[in-house]
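Just so it is clear, the model here is predicted, and its values are computed rather than measured. Counting starts at 1 for both ligands and their atoms, following the listed order.
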Amino acid sequence: MNIEPLNILLVDDNPADSRLVREMLADSGAGDLFSITEAHTLKAAVREASAGGYDIILLDLTLPETSGIDTFLKVYEKARSTPIVVLTGLDDEMLAANAVRAGAQDYLVKGHADSSMLVRAIRFALERKRRAEERDAKKLRSESMTHMAEQRCDLRMISSSSSFKEVEEMVRTVAQTSNTSVILQGETGTGKGLVANAIHFASNRRTHPFIEINCSAIPDTLLETEMFGYEKGAFTDAKQTKKGLFELAEGGTVFLDEIGDMELRIQPKLLKFLESRTFRKIGGTKDIKVDLRVIAATNKDLEALVRENRFREDLYYRLKVMVINLPPLRDRKEDILPLARYFISTYENSLGAVKRLSPECHRILLGYNWPGNVRELKNAIERATILSGNGDILPAHLPDELSKTASAQPLAMSASDMTLKEAEKKHINMVLAKVRGNKSAASKILGISRLTLRKKLLLSDK
Ligand SMILES: Nc1ncnc2c1ncn2[C@@H]1O[C@H](COP(=O)(O)OP(=O)(O)OP(=O)(O)O)[C@@H](O)[C@H]1O
Ligand SMILES: [Mg+2]
């Protein structure tokens with residue numbers, strides 16, 4: 001499995017403390033996902049930060065050359081967009097407030113912070129960065145029509161099976177009614193994101209923004225502010241009024257991904273919006289009207305969540321005006337080879353070689369049950385295209401688990417010739433298939449947090 005670890009720059013002058021941080025990260029259960037480079041002086045920290053290539057910087061503020069906020073500012077200046085989490089022995093509220101005001105993502109005090117706090121701080125910092133980048137990209141998208149037209153080229157949908165042809169037909173129908181809410185249901189990797197985009201770009205909202213909000217990736221407390229924005233003074237950190245994504249999406253489409261993970265507390269606000277097309281900013285007193293379509297997606301059984309009181313029934317019925325079910329790939333085998341050929345052709349363009357799949361590969365691809373659906377197929381083909389160089393794609397170029405499952409060997413029998421990572425990936429996929437893509441259920445069975453699971457899936461996607 002091609003796991004690309006997170007590159008962490010760990011700045012600390014005390015080797016014992018560095019060791020402790022390494023141990024904390026290792027203890028988090030996701031230790032193998034971190035690649036740590038150490039800098040022991042300000043000079044080394046500044047050099048590394050300027051060189052870039054880090055996903056995050058963990059920064060001690062007391063270094064041989066400087067201390068306190070000066071240390072932060074000197075590294076921050078060079079770190080550009082790399083998020084910095086301060087991890088220091090200085091338990092000083094003023095300093096913490098200043099560092100955060102100056103741009104630190106978080107301020108942790110050594111000895112007080114445990115492994116999970118550290119990982120959470122890293123996760124939030126990365127999430128904030130990702131969302132900032134996404135917002136920039138979205139802004140660019142809505143500003144430039146030509147850019148949008150290019151985006152649409154990526155929206156090619158392959159459908160040979162009658163069940164996916166039905167999906168395409170529904171996309172066309174739904175696109176014509178620009179206010180109807182839509183729910184997309186399907187296992188992970190079945191194409192919900194693609195279909196949401198396709199609906200938007202086939203509708204008359206296409207010249208307006210398409211804004212995606214992933215309800216499970218954004219911490220609950222931030223989701224509401226992200227969606228609706230806030231008024232100045234609504235809470236301590238609300239230094240000025242901020243528009244939410246609903247307001248920024250005016251005229252376009254809001255795609256609420258993984259809606260099954262939306263906290264119950266926020267659900268009535270979404271319901272109110274769907275009923276009145278108005279919402280209030282947090283701390284606001286006036287109703288704001290926006291014209292947009294909501295598309296929601298889930299890999300969970302929403303009806304079951306309603307029965308368990310984890311999803312509001314009224315919201316479910318309000319959203320359920322139009323439901324599109326995306327069938328798993330194993331239930332539409334006619335799509336496997338056309339999709340594989342399509343993905344090969346997209347890589348051919350960049351590599352310039354003409355490739356075919358050997359007949360034995362056809363058998364393997366058709367025999368596998370694809371728990372990760374189209375995404376898993378796409379990744380397998382990308383890998384095979386690279387491994388096969390200038391030649392055709394042969395079974396040896398496909399991931400091992402494909403042929404192993406095709407010949408229906410249980411994990412225990414084939415595990416002996418797998419690396420630990422391969423076995424892990426295979427096991428995760430097996431569990432995911434068993435719970436039909438439900439990541440919460442899978443993480444419970446696997447005994448890891450949802451975050452770790454998401455991370456492992458995300459990194460195995462690359
Ligand atoms: N019918 C299709 N034709 C071409 N490409 C497809 C098709 N379906 C899915 N894909 C591609 O497969 C990948 C996975 O699809 P997508 O991200 O839309 O899945 P998803 O259902 O949103 O998954 P998740 O639940 O994990 O978010 C994407 O790269 C998408 O472009
Ligand atoms: Mg998706």
Check: R332 N/O within less than 3.5 Å of ligand 1 N/O: no
Could you tell me whether K192 approaches ligand 1 through its side chain, its backbone, both or neither, with non-hydrogen atoms closer than 4.0 Å? both
Measuring from the heavy atoms of G189, does anything fall under 4.0 Å of ligand 1? yes
Specify whether F279 and F228 have parallel, tilted or perpendicular ring planes, treating 30° as the upper limit for parallel and 60° as the lower limit for perpendicular. tilted
Check each of L194, T298, L326, L329 against atom 7 (C) of ligand 1 and report the one with the nearest heavy atom. L194
Taking distance alone, with N or O pairs closer than 3.5 Å, would you say K439 contacts ligand 1? no
V195, portion touching ligand 1 at heavy-atom distance under 4.0 Å: neither
Check for a donor-acceptor pair, side chain of E313 on one end and backbone N or O of V306 on the other, with a separation under 3.5 Å. no
Out of the candidates K439, K192, R330, R375, only one should pair with E187 under the salt bridge (charged side-chain N to carboxylate O under 4.0 Å, His left out) rule; please name it. R330
Could you list which atoms of ligand 1 come closer than 4.0 Å to a heavy atom of M157? 1 (N), 3 (N)
Consider every N or O of Y342 and every N or O of ligand 1, then say whether any pair is closer than 3.5 Å. no
Nearest non-hydrogen atom to atom 19 (O) of ligand 1 belongs to which of S160, G191, A196? G191
Any nitrogen or oxygen of G193, side chain or backbone, less than 3.5 Å from one on ligand 1? yes
Once the angle between the rings of F273 and F246 is folded into 0 to 90°, is it parallel (under 30°), tilted (30 to 60°) or perpendicular (over 60°)? perpendicular
